[in-house]
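For reference, the structure is listed below as structure tokens.
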Amino acid sequence: MTVLTASVVLLNTTRAYDKKYTYIIPDGLAGRICTGCRVLVPFGGGSTVKEGFVLEIKPVDAGSLRNDAKNIEYKPIKQVLEPYSLIKGDNIELLEWMKREYICTYSDVIKCMLPPGINVKTVKTVKLTDKEFKAFKKQDLNRIVENLNCVGGECEYDELRGMCEIKGFKGCIQKLFECGAVTVEECYQQKVNAKSVKGVSLARTREEIIEALENNAVKRIQHIRVLEILLDNELVSVADIQRFAGVTSSVLDTLSKYGYICYKTIELQRNPIKDREYEKTEHLTPTAEQAAALEKLMGQLDTGTFKESLIHGITGSGKTEVYLQLISHCFDMGKRAILLVPEISLTPQMVERFVSRFGKRVAVMHSRLSLGERFDQWRLINEGKVDVVVGARSAVFAPVTHLGLVIIDEEHEGSYKSEAMPRYNAKEVARKRCFINNALLVYGSATPSVDTYYRAKNGDIDLVEMKNRPNTSELPKVIMVDMRLELENGNKTPFSYLLQEELKNNAANGQQSILFLNRRGFSTFVICRNCGYTMKCPECNIALTFHAKSDRLICHYCGFTVKNPAQCPSCGSKHIRHFGVGTQKIEEEIRNRLPESSVIRMDIDTVGYKNAHEEILSRFKNENINIMVGTQMIAKGHDFLNVTLVGVLAADSMLNTGDFRANERTFQLLTQVAGRAGRGEKAGRVIVQTYNTDEYSILAACRQDFTGFYNQEILIRERLGYPPFNNIAVITFSGRKDRRVFETAKDIGPELSEDALPDFTVLGPSRCPIPKLAGKYRWRIVIKAGDREKLIERLTLVSDKVWKKIKDEDMSMSMDINPYNML
DNA sequence: AGCACGCCGACT
DNA sequence: GTCGGCGTGCTC
């Protein structure tokens with residue numbers, strides 16, 4: 001005799017019991033169960049019902065169940081929620097990999113893989129079985145019964161508990177249950193379900209119905225009309241048939257009772273790709289450069305093995321068309337594709353482009369969809385009804401089978417890194433998925449990340465260059481302005497004389513301008529306005545952050561600290577101070593200085609509500625407003641044909657955010673912002689204002705010289721041991737007692753560095769850039785390590801050891817491996 | 001996370 | 001003697 005058993009992982013676990021558990025599959029459920037399906041299982045002493053997922057099914061000899069060395073009594077699975085896989089083949093392998101790689105639970109990973117709102121909620125109902133109860137000795141029990149009687153003898157468990165206000169409520173219910181006074185029923189509800197309507201169809205064959213009609217077995221005209229409609233249409237919704245046949249629901253009930261028709265559920269498709277019908281478009285004829293790129297990439301796709309490619313194509317070189325035709329080629333091979341884009345570029349125009357090319361073969365996944373819409377899109381993918389998924393970060397988990405291609409557009413974007421548990425990087429996950437599936441992974445960017453480009457230079461990734469714009473519009477002319485000279489000449493405004501002049505000219509000529517100011521963070525750095533000197537950490541070469549409270553400068557990597565200087569250590573000037581102006585201030589300044597120009601502002605404050613973003617952009621475009629002031633969100637997407645001037649107010653303000661990627665980000669952003677100018681026929685100009693005229697990232701951005709920037713940056717990364725030469729891990733501790741948090745962090749230090757390898761450096765603990773958040777103090781440790789595997793091993797070990805202590809003292813700890821944002 | 005089990009003090 | 005407090009450890 002063999003018994004079927006299932007290896008099950010549970011949802012909503014802590015690390016302590018995040019394991020595989022073996023359950024017996026009862027005979028009645030064997031037909032519905034499969035790997036990756038969702039089940040309800042009894043768990044723990046009280047056999048509370050938990051939601052779980054079947055990872056493996058295996059037959060076991062019945063005898064060996066009991067002879068098991070551990071002598072575990074296996075419990076049976078209680079219920080199979082859906083008779084199909086919610087986690088498809090390769091995602092099961094991915095699950096194991098992610099749990100290890102990101103030091104999280106199965107549960108954390110599963111939640112990434114499923115659409116939100118699918119999880120079951122347990123609803124317990126307490127019912128009074130006998131209203132003729134005798135009084136109980138214990139007053140609490142009587143109280144519960146009284147309360148139940150008041151509401152008609154039946155009540156939801158939680159509601160009842162609220163009504164009674166009894167300590168040990170659970171025990172009381174148990175006692176009442178034991179003496180037969182109440183029953184407790186459990187049912188499980190899901191937040192979202194497929195949207196469905198009730199429909200009817202014939203319950204007999206067409207021939208039988210036709211015969212019945214001809215023999216006058218059906219006499220009533222209402223019945224005949226209904227049956228005739230159903231002979232022409234297999235399945236019709238109840239609402240429709242009532243309308244077309246002009247009958248009421250009682251007619252349908254009668255027909256159903258006599259066995260002519262039966263009720264069925266029709267599952268509807270909510271469509272996020274609005275009801276608009278898009279006109280079908282064909283492939284554009286590729287330029288010579290696009291054709292060359294395509295040929296190379298298609299060749300790689302054809303090999304059917306795991307390969308990585310980077311398309312380094314300047315803005316406007318037509319990468320999207322390459323993506324579209326590559327995906328098309330992937331379809332021809334009978335395989336499917338995923339396209340990842342940054343959330344911000346998932347605009348209606350972007351979606352339209354895909355839908356008009358591929359029609360119903362496209363599914364879209366992003367956070368703007370409602371729960372129901374997301375569920376429907378996910379289900380379409382899971383059922384294999386679409387062939388390409390376009391989506392933001394989480395779309396990397398889309399349950400696509402026969403995956404042949406994953407494309408990551410704007411590969412350098414930080415939004416591919418998750419900042420919440422599990423802190424995964426969609427680029428790494430995509431790479432793993434492609435590896436499992438022998439698929440092609442394509443990265444695309446005008447300004448590739450240093451990490452990716454390094455791997456391309458090393459030959460790990462194939463490099464495809466696209467250097468021309470098909471519409472041959474010229475690259476904008478970039479002028480750098482030294483703000484130190486402006487100060488010397490008595491200009492204390494945030495606008496250089498040149499910029500003021502150009503803004504006036506542009507407005508007079510009816511052309512538009514964009515002023516760009518990066519978001520000023522909570523942390524401020526100190527710069528000398530006379531010589532441009534910035535205070536940096538001698539160890540880490542990172543800008544020191546000013547803390548007003550203590551009037552000190554602190555390094556957020558290693559904790560190095562000095563007193564805030566009154567004079568510039570380099571030139572002795574007293575014009576040294578923390579730096580920064582907000583967009584609001586800039587808007588005011590423009591109104592004062594250029595009163596004849598119209599201004600619109602776009603930043604976090606003004607794009608508060610849902611469509612404000614689109615609205616501001618379209619107002620700027622359509623009302624021909626002279627100047628738009630904004631933060632990085634204006635740097636992306638959207639072609640403004642009439643914008644001929646872009647002003648970057650403080651190119652170096654982002655250079656000193658206290659992050660080793662600051663130079664990379666400055667370069668990327670400046671390049672992108674500059675790309676906003678002169679997208680139309682008229683030539684564009686870019687004015688870059690800076691205090692650091694010799695900073696390589698700014699200089700290279702002005703020259704639009706990616707290679708020049710990269711060659712400098714990679715040297716610095718290597719010298720200081722930053723990625724891609726090392727892995728960085730940040731462990732953050734937080735809690736209400738400042739001292740305890742610090743001590744906990746400090747105690748972990750030795751554990752981390754114990755018999756450390758030569759390439760293992762532990763820095764800190766130091767205060768986090770946000771030292772106190774929501775009443776909790778925050779400290780962190782930064783680790784540099786060459787070997788990622790060993791780093792993960794060590795972190796896992798330490799976290800398992802420290803977890804209990806952390807929990808007992810009401811502190812929390814989080815780990816992030818290679819964070820994108822060090823702040 | 002729950003829940004049981006177990007060990008201790010304070011009460012009918 | 002029993003009830004209920006919480007510390008400890010396991011959950012297929």
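Keep in mind that what you see is a predicted model, and the values were worked out from it rather than measured. So you know, we letter chains A, B, ... as the sequences are listed, proteins then strands, and number each from 1.
- Rounded to whole Å, atom C1' of C/dC12 lies 14 Å from atom OH of A/Y106.
- Each ring-ring contact (aromatic ring centres under 6.0 Å, His included) pair with one or both residues in residues 776-823 of chain A, not counting sequence neighbours, appears once here: A/F742-A/W779.
- Along DNA chain B, read 5' to 3', the first and last nucleotides having any atom under 4.0 Å from a heavy atom of chain A are B/dA1 to B/dC3.
- A/K790 NZ: 12 or fewer foreign heavy atoms inside a 6.0 Å radius.
- Near DNA chain B, defined here as any heavy-atom distance below 4.0 Å, the residues from residues 23-47 of chain A are A/G46, listed numerically.
- Regarding A/L4, its CG atom lies at a distance of 16 Å from the C1' atom of C/dC12, rounded to whole Å.
- Look at CG on A/L10: it is 13 Å from C1' on C/dC10, rounded to the nearest Å.
- Every residue two or more places apart in sequence or in another chain that forms a salt bridge (Lys or Arg N to Asp or Glu O under 4.0 Å) with A/E789 is listed here: A/R100.
- At whole-Å resolution of the value, OH in A/Y17 and P in C/dT11 are 14 Å apart.
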Quick one: do A/E428 and A/Y416 satisfy side-chain hydrogen bond (donor to acceptor under 3.5 Å, both in side chains)? Show the steps, please.
CA-CA 9 Å; A/E428 292 165 1; A/Y416 290 119; over 6 Å; no
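- The stretch residues 394-404 of chain A participates, sequence neighbours left out, in no salt bridge (Lys or Arg N to Asp or Glu O under 4.0 Å) pair at all.
- Considering all non-hydrogen atoms of both residues, A/R336 and A/G384 come closest at NH2-O, 3.1 Å.
- With sequence neighbours left out, A/K417 forms a salt bridge (Lys or Arg N to Asp or Glu O under 4.0 Å) with A/D816.
- Among the protein residues, A/T48 comes within range of the sugar-phosphate backbone only, with heavy atoms under 4.0 Å from sugar or phosphate atoms but none that close to a base.
- Atom CG of A/L55 is separated from atom P of C/dC12 by 16 Å (rounded to the nearest Å).
- Between A/P819 and A/R661, the shortest heavy-atom contact is O-NH2, 2.6 Å.
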